[in-house]
Amino acid sequence: MFLAGTWGADFHPELQPRENEIVLLPHKSIDVFETDLPDHLERMGITHLVIAGMTANLCCESTGRHAMEHGYDVTFLSNAIGAENLPAYEASIHVNYPLIANAVMEVDDFLAAVSTSGDSRRVHVGEVVRGSDNSKIGTVEKFIEETDDTESYMVVPKGIIFQEDLYIPMDAVVKRSDGTVFINVPKLVVSKMGWSAVPARSERQARRGPDKSSLDKLYSSRSPSIQQDA
């Protein structure tokens, strides 16, 4: 598709780079992070990548995965990404991307989220809740502020898919835009998150484990090449 010297390796006529835009060095792998991209990101202080293009299960996925592993936030634009066939596209959008990215969004939703002012995570009754795979989970029925005993959360009533009301903690919210709230897990995982009860602060803290300030060391691993004291 992208053979050097052919039309497949050229820019689309409607997407020609402007004079002041960065064009990355050519590369031979399917991972754009193997170009000079990291140097530009570090130089410009960029921490969030928004990925579109070709192809869904190759360059786009590899680049997003590499970026995530290096600590970047990643958003995939589902209707601005192409693939060589429908199964490859569907597997990327609905299975792989939600495990890699902060969000999988359509272009209009992303642009609306970027333009949202104020507290972008404060939800309102009636807003639609979508998972990181962009699948609809339900509609916000209530928003509850945090108390001494509970964390702030939103209530999504039960329906055809979910047999119990969902009490989704606000720390799961990635972004909200134009009446839509995006959370950081795909729809298929929601039922496994333990959100069938009000998120009690003590229970959630117990799940997270002790605070790192109370630990002598964070990890129990060690390098076998380092001589250990007898």
Side-chain angles (χ1 to χ4, degrees), residues 47-51 64 67-68 71-80 90 92-212:
T47 61
H48 191 156
L49 273 65
V50 182
I51 297 178
M68 176 270 292
Y72 289 88
D73 294 326
V74 176
T75 295
F76 288 98
L77 300 183
S78 59
N79 62 339
E90 294 289 342
S92 297
I93 295 296
H94 296 296
V95 179
N96 295 340
Y97 289 177
L99 299 176
I100 298 171
N102 297 72
V104 181
M105 308 172 69
E106 294 190 352
V107 173
D108 288 345
D109 290 330
F110 171 73
L111 294 177
V114 170
S115 62
T116 299
S117 59
D119 186 355
S120 62
R121 296 202 306 167
R122 175 64 183 266
V123 304
H124 301 88
V125 173
E127 291 185 321
V128 173
V129 180
R130 292 187 177 274
S132 59
D133 56 350
N134 206 34
S135 295
K136 182 179 178 180
I137 293 171
T139 303
V140 179
E141 183 179 65
K142 296 179 183 178
F143 171 73
I144 308 298
E145 296 280 4
E146 66 178 338
T147 67
D148 292 339
D149 298 322
T150 65
E151 299 183 356
S152 59
Y153 63 94
M154 57 182 171
V155 180
V156 176
K158 61 184 177 181
I160 297 176
I161 302 299
F162 301 106
Q163 303 303 311
E164 297 180 299
D165 291 347
L166 296 174
Y167 302 85
I168 303 178
M170 289 306 297
D171 62 7
V173 175
V174 176
K175 198 76 174 177
R176 61 169 294 273
S177 66
D178 196 25
T180 304
V181 181
F182 297 89
I183 63 173
N184 60 3
V185 296
K187 184 175 183 177
L188 290 174
V189 178
V190 168
S191 61
K192 309 295 183 182
M193 295 300 296
W195 290 342
S196 59
V198 173
R201 193 179 299 276
S202 58
E203 292 181 4
R204 289 179 60 79
Q205 184 58 50
R207 291 182 183 179
R208 294 189 182 108
D211 186 85
K212 66 179 181 180

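These numbers come from the heavy atoms of this one structure, side chains and all, not from hydrogens, waters or symmetry mates. Residue numbers start at 1 and run along the sequence shown.
Put simply, the residue from Thr139, Leu166, Val129 that forms a side-chain contact (heavy atoms from CB on, under 4.5 Å) with Met154 is Val129.
Not counting sequence neighbours, the partners of Ile144 by the side-chain contact (heavy atoms from CB on, under 4.5 Å) test are Lys142, Tyr153. Here Asn134 pairs with Glu106, Asp109, Arg130, Phe182 under the side-chain contact (heavy atoms from CB on, under 4.5 Å) rule; sequence neighbours left out.
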Dump the intermediate steps for side chain to side chain contact (heavy atoms under 4.5 Å, CB included) on Val181 and Phe143, then the final yes or no.
CA-CA 12 Å; Val181 181; Phe143 171 73; over 6 Å; no
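Taking all atoms of both residues into account, the shortest heavy-atom contact from Val174 to Ile183 is CG2-C, 3.9 Å. Closest approach of Asp165 to Lys158, counting heavy atoms only: OD1-N, 2.9 Å. Contact detail for Gly64 and Val74: the closest heavy-atom pair is O-CG2, 3.7 Å. Of all heavy-atom pairs between Ala197 and Tyr167, the closest is O-CB, 3.4 Å.
With values rounded to the nearest 0.5 angstrom, His94 atom NE2 is found 11.5 Å from Asn96 atom CG. Tyr97 OH to Asn102 CG: the interatomic distance, rounded to the nearest 0.5 Å, is 14.5 Å. Residue Ser132 holds its OG atom at 11.5 Å from CE of Met105, rounded to the nearest 0.5 Å. Atoms CZ and CD, from Arg201 and Glu146 in turn, are 5.0 Å apart once rounded to the nearest 0.5 Å. The distance from the CG atom of Asp133 to the CD1 atom of Ile93 is 10.0 Å, given to the nearest 0.5 Å.
Side-chain contact between Phe162 and Val156 is absent, with no heavy atoms from C-beta onward closer than 4.5 Å. A 4.5 Å side-chain heavy-atom check between Ile168 and Met193 finds every atom pair outside the cut-off.
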